[in-house]
Amino acid sequence: GDGRDRDRPQDERPERSRHAEEKADLGQPEGVSARRVRAGQTPRPGPSGGPPEVPMSLNDKVVVTCALTGAVTTRAQHPNIPYTPVELAEEAKRAYDAGAAVVHIHAREDDGSPTWRPEVFEAIAKETRARCPVLLNFSTGGMGPMTDRSEHIRRVKPEMAALNMGSMNYAKYSQKRKDFVFEFVFQNPFSDITAFLAIMKEAGSKPELECFDIGHTAGIWPLIDMGL
């Protein structure tokens, strides 16, 4: 910060100044809890009795996930979107080499159309695992019955599987058109969530809890309480 920061009371200094002082005072490496205590702060209780909330630092370890295609993106939008299992596996290797620990997979038919066919997911897993040890996270989200979006988890048993944690309005708005390009309700009832969890548990796939707004996080605690 500038020289004016030194004249301000500690609690009124800009956030960047306080963080710089914490880093200088604490050295490397320090735990997050220690940083808060030395900064004169106390951890805030987590939601619903969960673990205390703590700030992040550039020194904290993170898990980098790379979504290779997105759900419906096509080569009309970007010419290098991978479609085939080999193309997806090559991109997964590139992501892994760049530092990603996980790749999020939306499977495609060779023409680029979305698919839930287990055979395609099997091919993607085989090609990717032959190239690198990146963790596979298979998508389960979409429209229609959840039974159509779960067999690939049973058969391929990826290390992780996406679990959408709540229903919501799903839309894209165009300011130019002054209208929605598309809009629908993305349904993820608890009956589907619990059924997906049972399948993931059986397959040994760790669920990735996809929370699209803060309210969806409240749905985690009942699932933990149910032992799911």
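The closest side-chain heavy-atom distance from Asn80 to Glu91 is not below 4.5 Å. Under the 4.5 Å side-chain criterion, counting only non-hydrogen atoms from C-beta, Cys132 is in contact with Lys93. When side chains are defined from C-beta on, Pro207 counts as touching Leu197, because their heavy atoms get closer than 4.5 Å. Side-chain atoms of Asn188 and His216, non-hydrogen and from C-beta on, never get closer than 4.5 Å to each other.
Between Glu151 and Arg154 there is a salt bridge, with a side-chain nitrogen of the basic residue lying less than 4.0 Å from a carboxylate oxygen of the acidic one.
At distances below 3.5 Å, not a single donor-acceptor pair connects side-chain atoms of Arg131 with backbone N or O atoms of Ala89. For the pair Asp60 (side chain) and Ser57 (backbone), a donor-acceptor distance under 3.5 Å is present. No donor-acceptor distance shorter than 3.5 angstrom exists from the side chain of Glu183 to the backbone of Phe180, with no hydrogens or angles considered. Side-chain atoms of Ser205 come within 3.5 Å of backbone atoms of Pro158 as a donor-acceptor pair (strictly under, hydrogens ignored). Panel note: side chain Asn137, backbone Glu159; no donor-acceptor pair is recorded below 3.5 Å. Side-chain atoms of Thr73 never come within 3.5 Å of backbone atoms of Gly70 as a donor-acceptor pair (strictly under, hydrogens ignored).
Listed here is the closest heavy atom pair of Ala71 and Pro114: O-CG, 4.0 Å. Scanning both residues, Ala101 and Val134, for their nearest heavy atoms gives O-CG2, 3.4 Å.
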Practice prompt. Begin from the C-alpha positions of Thr115 and His106 and carry the test side-chain contact (heavy atoms from CB on, under 4.5 Å) through to its verdict.
Written response: CA-CA 8 Å; Thr115 184; His106 291 270; over 6 Å; no
Discussion item. Applying side-chain contact (heavy atoms from CB on, under 4.5 Å) to Ile193 and Asn164, what does each step give before you reach the verdict?
Written reply: CA-CA 7 Å; Ile193 293 172; Asn164 295 300; over 6 Å; no
Discussion item. Checking Arg117 against Glu109 for the salt bridge (charged side-chain N to carboxylate O under 4.0 Å, His left out) test, could you report, in this order, the C-alpha distance in whole Å, the side-chain angles of both residues, the deciding distance, and whether it holds?
Written reply: CA-CA 9 Å; Arg117 290 199 299 123; Glu109 298 290 351; 2.8 Å; yes
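The neighbour count for Tyr170 OH, taken as heavy atoms of other residues, nucleotides or ligands under 6.0 Å away, does not exceed 12.
Judged by the 6.0 Å distance and 45° axis criteria, Arg75 is positioned over the aromatic ring of Tyr83.
Residues satisfying the side-chain hydrogen bond (donor to acceptor under 3.5 Å, both in side chains) test with Ser191, not counting sequence neighbours, are none.
No side-chain donor from either of Ser167 and Gln187 sits under 3.5 Å from a side-chain acceptor of the other.
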